[in-house]
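Following: one structure in structure tokens, then a few remarks.
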There are 4 protein chains.
Amino acid sequence: MRDSTSTRERIDRAALGLFVERGVAETSIRDIAQRAGIADGALYRHYRSKDELVWQLFSSRYLAFAETLDGLQLGQPTAERRLDAMVRGFCAFFDRDWELFAFLLIVQHGQLARLSEGARTPVDIVRAVVAAAMERGEVPARDADLAAAMVIGAVLQAATFKIYGRLPAPLGDYADELAAGCWRLLAGGKAAHSPSPERSRTP
Amino acid sequence: MRDSTSTRERIDRAALGLFVERGVAETSIRDIAQRAGIADGALYRHYRSKDELVWQLFSSRYLAFAETLDGLQLGQPTAERRLDAMVRGFCAFFDRDWELFAFLLIVQHGQLARLSEGARTPVDIVRAVVAAAMERGEVPARDADLAAAMVIGAVLQAATFKIYGRLPAPLGDYADELAAGCWRLLAGGKAAHSPSPERSRTP
Amino acid sequence: MRDSTSTRERIDRAALGLFVERGVAETSIRDIAQRAGIADGALYRHYRSKDELVWQLFSSRYLAFAETLDGLQLGQPTAERRLDAMVRGFCAFFDRDWELFAFLLIVQHGQLARLSEGARTPVDIVRAVVAAAMERGEVPARDADLAAAMVIGAVLQAATFKIYGRLPAPLGDYADELAAGCWRLLAGGKAAHSPSPERSRTP
Amino acid sequence: MRDSTSTRERIDRAALGLFVERGVAETSIRDIAQRAGIADGALYRHYRSKDELVWQLFSSRYLAFAETLDGLQLGQPTAERRLDAMVRGFCAFFDRDWELFAFLLIVQHGQLARLSEGARTPVDIVRAVVAAAMERGEVPARDADLAAAMVIGAVLQAATFKIYGRLPAPLGDYADELAAGCWRLLAGGKAAHSPSPERSRTP
DNA sequence: AATGAATGAGTGTTCATTCAT
DNA sequence: GATGAATGAACACTCATTCAT
């Protein structure tokens with residue numbers, strides 16, 4: 001058990017690293033096994049196929065992060081605090097293991113569709129928080145999905161910038177600004193349930 | 001030339017469609033040639049390799065979009081109008097050819113690094129607009145890169161939601177809300193950490 | 001077409017030879033390609049898989065032989081002559097290409113089950129001739145299936161003996177004796193529709 | 001010893017069953033071990049390799065059957081009775097354990113060559129009986145090898161028909177007919193080519 | 001320009017076999 | 001004797017690429 005666990009962890013870490021460095025298709029099972037320090041065949045004791053490996057790696061981490069996010073948000077008294085906790089949590093998560101985040105980012109397309117219907121993803125968590133805030137009147141009522149998309153995108157893109165070297169400091173250093181920005185996005189202005197036909201927003 | 005152009009266009013369209021439907025690695029040159037209605041070998045008259053095809057497709061479209069974005073923004077008098085024009089332009093671009101956008105989204109990782117140092121990407125355009133707005137005092141001075149990331153992310157994620165079916169209407173229907181949200185994000189508040197819910201559009 | 005045909009024939013012959021020499025499982029696609037003088041990949045232009053190759057080789061030859069057998073039998077006036085023609089035909093077939101026969105013998109188990117329900121096999125041809133002979137009273141009425149089995153087995157086993165070196169001369173040299181033996185088997189004695197409970201056949 | 005024996009028997013039975021169901025090449029050591037209820041490695045306490053297992057299984061059963069056949073024949077006073085005893089014995093053997101017979105049938109090619117020069121096979125037993133009958137004048141003198149082949153083939157093919165479902169009743173129900181047919185084959189006629197239907201059992 | 005048969009390196013995967021426990 | 005994780009040499013098969021036509 002001891003050995004088996006450590007072997008699997010070595011596989012996971014090796015795969016994660018290679019997937020991020022070269023991409024999934026460009027990484028062979030041989031590459032992963034070599035970096036993990038095992039023979040190719042041994043990998044199949046832990047995952048039934050390369051596809052399985054990618055899928056398990058993605059889904060387990062992706063859904064675990066959703067739970068983490070939910071846990072952070074649950075204890076908070078106000079929508080603003082909930083958002084703040086989630087943003088901060090995300091930044092910490094990212095700074096602790098940016099490689100994992102990069103992996104999730106890279107492989108999401110093609111894996112997302114395989115999630116079971118009822119799976120609670122990070123997206124669902126954020127959307128629920130946003131929708132609740134609107135229902136309770138803590139925030140102007142708008143299209144909850146669109147609002148959730150914007151908040152998620154704002155934070156995610158910051159992380160992406162970080163990965164591509166467009167942001168110098170650890171993501172945690174931007175957490176305040178990110179949380180504040182998201183709050184402005186969400187809480188600012190008047191209600192305007194989109195899509196609405198009225199226009200002209202120029203002051 | 002007429003024939004050649006049309007063949008190339010068929011290749012491009014076939015490749016684009018297949019890449020989005022199945023992913024790049026899962027699409028073979030044979031698949032593309034077949035859908036384009038030519039023999040496998042013929043494809044090599046137009047692209048020297050599969051990698052080349054992906055790269056050409058990505059870079060030309062990606063950089064062309066940057067120019068489009070820049071053009072839209074150039075004529076506008078204020079930062080808010082510039083942002084509005086870009087958001088609206090993006091939505092129109094997306095609704096006209098969402099497949100192309102999905103392609104750009106999917107292949108960006110792995111292609112982004114190949115862009116030449118001085119290339120003007122959509123990201124650069126947005127960043128420049130945001131930075132200029134801050135310099136001119138049209139918007140509170142904050143970290144321009146972070147602000148640009150958030151704005152870009154907010155809009156991009158809305159498009160991603162649209163692709164995954166999380167938003168029902170055409171993206172254009174959300175353009176107002178998107179532009180307004182981005183403006184709130186950019187222009188709202190004074191300090192980085194604003195714990196108070198009140199805000200005013202212009203400082 | 002010229003080239004393609006010859007390539008396929010080279011593949012068939014190489015596969016046949018190797019299957020007989022080493023067995024199907026012991027023969028790799030590489031072995032076949034090498035003996036056929038082509039690259040491994042080229043084989044897949046002619047057969048979609050190794051299984052397909054074995055199956056095509058077996059079924060085409062097996063069913064073609066059934067037709068040959070049927071043709072030989074058709075022109076004959078009496079049951080004895082029909083049997084004689086078939087036995088003689090089989091021996092000629094064997095002596096012309098014993099390797100093909102050995103192949104059919106070796107791979108039959110596992111391939112036989114894949115034949116479509118209505119396929120006319122050599123076994124069906126012989127059985128039909130035997131049954132017709134019984135119906136017309138040319139031969140005592142017995143269990144047609146059993147009688148067909150015995151006739152087929154008698155000839156087949158002679159061929160098998162030949163393959164294993166237990167018979168020195170060409171099979172054709174035994175054709176008279178084989179045909180006569182089969183005829184004795186079929187035509188001799190009184191009718192005794194088996195399975196019947198009565199016993200004791202000792203004189 | 002008790003336990004070991006039973007383990008080995010379980011291995012043998014598992015292997016036999018799987019070989020017949022799927023074929024030898026399609027059956028892995030893991031499959032066998034699993035069905036036998038042991039770990040893969042444990043199998044190597046009983047057989048040094050998969051090849052060994054197949055070989056031991058084949059040769060022991062094949063040669064044991066030869067002895068059985070010989071024993072059955074030995075006590076009989078006449079050639080006809082000897083043949084009858086052997087046919088009957090074969091049918092009983094088949095009905096008692098058709099899986100074993102199917103195994104012998106399937107793997108014979110490729111194993112037969114490994115038998116030592118002097119090994120007494122079922123074929124040798126039958127041939128000896130046939131040859132002796134000819135020498136003693138109990139049966140017309142013909143090519144003993146060919147005659148033996150025909151007799152063996154006739155019975156074997158009936159068994160094969162049974163395996164493939166072409167014969168409905170237990171093989172034992174056909175024993176009379178089989179023995180009679182073989183005897184006609186052997187004892188009937190005078191010359192190799194007997195165009196006349198009349199015959200007498202003993203010359 | 002186009003064709004499509006051919007190439008051959010490389011992939012994911014299997015599986016007989018070993019060996020530390 | 002038994003276990004089962006690990007090995008590593010195959011294997012079937014794919015596919016980007018070439019090239020004679």
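Fair warning: this is a prediction, and the values are worked out from it, not measured in the lab. Note on naming: letters A, B, ... go to the chains in the order of the sequence lines (proteins, then strands), and numbering restarts at 1 for each one.
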Point to revise | Watson-Crick or G-U counterpart of F:dA20, or none if no pair lies under 3.5 Å | key: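 E:dT3 - that is the nucleotide pairing with F:dA20, both distances being under 3.5 Å.
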
Study note, to complete from the structure: Checking N1-N3 plus N6-O4 or O6-N4 for Watson-Crick, or N1-O2 and O6-N3 for wobble, each under 3.5 Å, the partner of E:dC15 is F:dG8

Should we say atom [atom1] of [X] is surrounded by more than 12 heavy atoms from elsewhere, each under 6.0 Å from it?
X       : atom1 : value
C:Glu99 : CD    : yes
C:Arg48 : CZ    : no
A:Glu21 : CD    : yes

Let's see if you can work this out: which of [options] has an atom nearest to the side-chain heavy atoms of [X]?
X       : options                : answer
D:Lys50 : E:dG12, E:dT17, F:dA16 : E:dT17
C:Ile29 : E:dA16, F:dA12, F:dT17 : F:dA12
A:Tyr44 : E:dT13, E:dT3, E:dA16  : E:dT13
C:Ser28 : F:dC13, F:dT3, F:dA12  : F:dA12

Check your understanding: Which residue, A:Arg48 or C:Gly41, contacts DNA chain E at a nucleotide closer to its 5' end, judged by nearest heavy atom?
Key ->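 It is C:Gly41, whose closest nucleotide lies nearer the 5' terminus.
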
Study note, to complete from the structure: Nearest-nucleotide check on DNA chain E, A:Ala42 vs C:Ala39; residue mapping nearer the 5' end is C:Ala39

State whether [X] places a side-chain N or O below 4.0 Å from either non-bridging phosphate oxygen (OP1 or OP2) of [N].
X       : N     : result
B:Arg45 : E:dA2 : no
C:Thr7  : E:dA6 : yes
A:His46 : F:dA6 : yes

Exercise for review: Applying salt bridge (Lys or Arg N to Asp or Glu O under 4.0 Å), run through B:Arg13 and B:Asp97 and close with a yes or a no.
Suggested key: CA-CA 11 Å; B:Arg13 194 35 74 180; B:Asp97 192 356; 3.0 Å; yes

Check your understanding: Between B:Gln108 (side chain) and B:Leu105 (backbone), is there a donor-acceptor pair under 3.5 Å?
Key -> yes

Nearest-Å distance for atom pair [atom1]/[atom2], residues [X] and [N]:
X       : N      : atom1 : atom2 : result
D:Arg10 : F:dG1  : CZ    : P     : 13 Å
D:Ile32 : E:dT14 : CD1   : P     : 18 Å
C:Leu43 : F:dT14 : CG    : P     : 12 Å

Exercise for review: Check whether the side chain of A:Arg30 and the base of E:dT13 form a donor-acceptor pair under 3.5 Å.
Suggested key: yes

**Study point:** Residue mapping more 5' on DNA chain F - nearest nucleotide basis, A:Ile38 or B:Asp40
**Key:**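 Result of the comparison: A:Ile38.
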
